[in-house]
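Read through the structure below, which is laid out as structure tokens, and then see the notes.
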Amino acid sequence: MKFFLDTANLKEIEQAESMGILDGVTTNPTLISREEGTFKDMVLKICQVVDGPVSAEVISTEFDGMMAEARDLAALHENVVVKIPMIIEGLKAVKALSSEGIKTNVTLCFSPSQALMAAKAGATYISPFVGRVDDISGVGMDIISDIRIIYDNYGFETEILAASLRHPLHVVEAALVGADVATLPFKVFAQLINHPLTEIGLKNFLADWESVKDRVS
Ligand code: E4P
């Protein structure tokens, strides 16, 4: 399973990258709006920190505008993946971009049928938003497991990128149902590592070691 960081914050990306287990980054207009600087400059800086796919989203909602933005973003760096919204014009753009060799991440996916259409169009990644479905009393993870079955039935190569993950259990469940990628806020990335029993256990081991350290040659 690949881990992407869902942020445009360079410090968070640098910190996760230093752990050696960061595979990529996803951004969206909301995440970009929280940081300083121009959009393209931010995307370029992220690409210089992480050696993996970096998703940057278009804001046009019609084909020509999406294509122009997508080509522009893809020209910034070889690792840029263009994020396209799951709408009809978006699917047309995904199909055209895929024939140009530009990688795409279809975003704002909330159903297996949308994921099927994205795969048919040749999307590199599909991003089902788990947490936002949970927020309205749905079961977001069921969408991921249905997509896994559908993609495996037909051998679609589109990677399932579990998005809108809000806590460690979401990540574990996404791994259990076979998501290819989990994109995580930095907070969740850190929560995956920490456990109070590890901290207490280590503290006790070190304290006990203090009492015997003179006997160690
Ligand atoms: C995915 O690419 C999105 O940027 C993100 O996961 C959305 O998460 P949210 O629902 O917590 O905003």
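When a ligand or atom number is given, it counts from 1 through the structure's own listing order. Bear in mind that the values here come from a model prediction, so they are computed numbers and not experimental data.
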Under 3.5 Å: N/O of N28 near N/O of ligand 1: yes

Sub-3.5 Å N/O-N/O distance, D6 and ligand 1: yes

For A163, the ligand 1 atoms whose distance to one of its heavy atoms is below 4.0 Å: 1 (C), 6 (O)

Enclosure of I88 CD1 (heavy-atom neighbours >12, cutoff 6.0 Å): no

Nitrogen or oxygen atoms of R132 and ligand 1 under 3.5 Å apart: yes

Salt bridge present between D134 and R166 (N-O < 4.0 angstrom): no

Heavy atom of the protein closest to atom 2 (O) of ligand 1 (residue, atom name, distance): K83 NZ, 2.6 Å

Heavy atoms from other residues, nucleotides or ligands near CD of E100 exceed 12 (cutoff 6.0 Å): yes

What side-chain donor-acceptor pairs closer than 3.5 Å can you find for residues 172-187, not counting sequence neighbours?
{"unit_1": "D180", "atom_1": "OD1", "unit_2": "R148", "atom_2": "NH1", "d": "3.4"}
{"unit_1": "D180", "atom_1": "OD2", "unit_2": "R148", "atom_2": "NH1", "d": "3.1"}
{"unit_1": "D180", "atom_1": "OD2", "unit_2": "I160", "atom_2": "N", "d": "2.7"}
{"unit_1": "T183", "atom_1": "OG1", "unit_2": "T26", "atom_2": "OG1", "d": "2.6"}

Check ion pair E89-K92 (N to O, under 4.0 angstrom): yes

M117 atom CE: more than 12 heavy-atom contacts under 6.0 Å: no

Residue and atom name of the nearest protein heavy atom (relative to atom 7 (C) of ligand 1), distance in Å to one decimal: F129 CE2, 3.7 Å

Within 6.0 angstrom of D51 CG, more than 12 heavy atoms from elsewhere: no

Identity and separation of the nearest protein heavy atom to atom 11 (O) of ligand 1: R166 NE, 3.2 Å

Residue and atom name of the nearest protein heavy atom (relative to atom 8 (O) of ligand 1), distance in Å to one decimal: S164 CA, 3.4 Å

Heteroatom proximity flag, S127 to ligand 1, N/O under 3.5 Å: no

